[in-house]
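As structure tokens, the structure follows; a few thoughts come after it.
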Amino acid sequence: QVQLVESGGGLVQAGGSLRLSCAASGITFSVYDMGWYRQVPGKQRELVARITRASNTNYVDSVKGRFTISRDNAKNTVYLQMNSLEPDDTAVYYCNARRNLGFRADYWGKGTLVTVSS
């Protein structure tokens with residue numbers, strides 16, 4: 001079975017920090033691009049940050065300079081360090097694993113809630 005299990009969400013005050021973790025199993029982790037997406041009610045799910053199998057990264061403009069995505073292939077885990085959190089960062093954050101080379105595969109975690117209070 002493929003599993004992506006997010007952790008680290010919670011309630012923080014504006015200006016605070018959280019680190020999200022996503023532990024993957026059932027896949028050859030190093031082959032996959034990993035991403036963090038977020039979604040709020042009434043809005044489309046948006047890509048927050050992505051890190052490729054080659055460790056190239058990209059971010060949505062609204063989090064640049066505040067969030068950092070990283071991966072530890074030895075632990076089959078991807079992280080999202082979130083600093084200087086803002087109320088607009090409040091969302092359910094989802095971990096995504098995507099295989100783009102060779103056969104195509106796409107997996108999602110169940111999400112973890114991040115709430116930023118003002």
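Reckoned from all heavy atoms, side chains included, excluding hydrogens, waters and symmetry mates.
- Closest non-hydrogen pair, V78 versus S70, comes out as CG2-O, 3.1 Å.
- Here the CG-CZ distance, from D106 to R98, works out to 4.0 Å after rounding to the nearest 0.5 Å.
- Within the model, atoms OG1 of T52 and CG of N100 stand 9.5 Å from one another, a figure rounded to the nearest 0.5 Å.
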| request: Run the numbers on S117 and V12 for side-chain contact (heavy atoms from CB on, under 4.5 Å), then give the verdict. | output: CA-CA 6 Å; S117 65; V12 297; over 6 Å; no
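- Residue L85 comes nearest to L18 through the heavy atom pair CD1-N, 3.9 Å, listed as atom of the first residue, atom of the second, then distance.
- Looking at heavy atoms from C-beta onward, Y107 lies out of side-chain contact with N96 at the 4.5 angstrom threshold.
- We find the CG-OG distance between D89 and S84 to be 9.5 Å, quoted to the nearest 0.5 Å.
- Proximity of V31 to R99: side-chain heavy atoms (C-beta onward) are separated by under 4.5 Å at one or more points.
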| task | Might you work through the ring-ring contact (aromatic ring centres under 6.0 Å, His included) test for W36 and F67, ending with a clear yes or no? | result | CA-CA 11 Å; W36 288 97; F67 291 10; over 10 Å; no
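- For C95 against M34, the heavy-atom pair with the smallest separation is SG-CE, 3.8 Å.
- When every heavy atom of M82 is checked against every heavy atom of L20, the shortest pair comes out as CE-CG, 3.7 Å.
- Side-chain contact between I51 and D33 is absent, with no heavy atoms from C-beta onward closer than 4.5 Å.
- For the 3.5 Å distance criterion, the side chains of R71 and Y32 fail to qualify, holding no donor opposite an acceptor.
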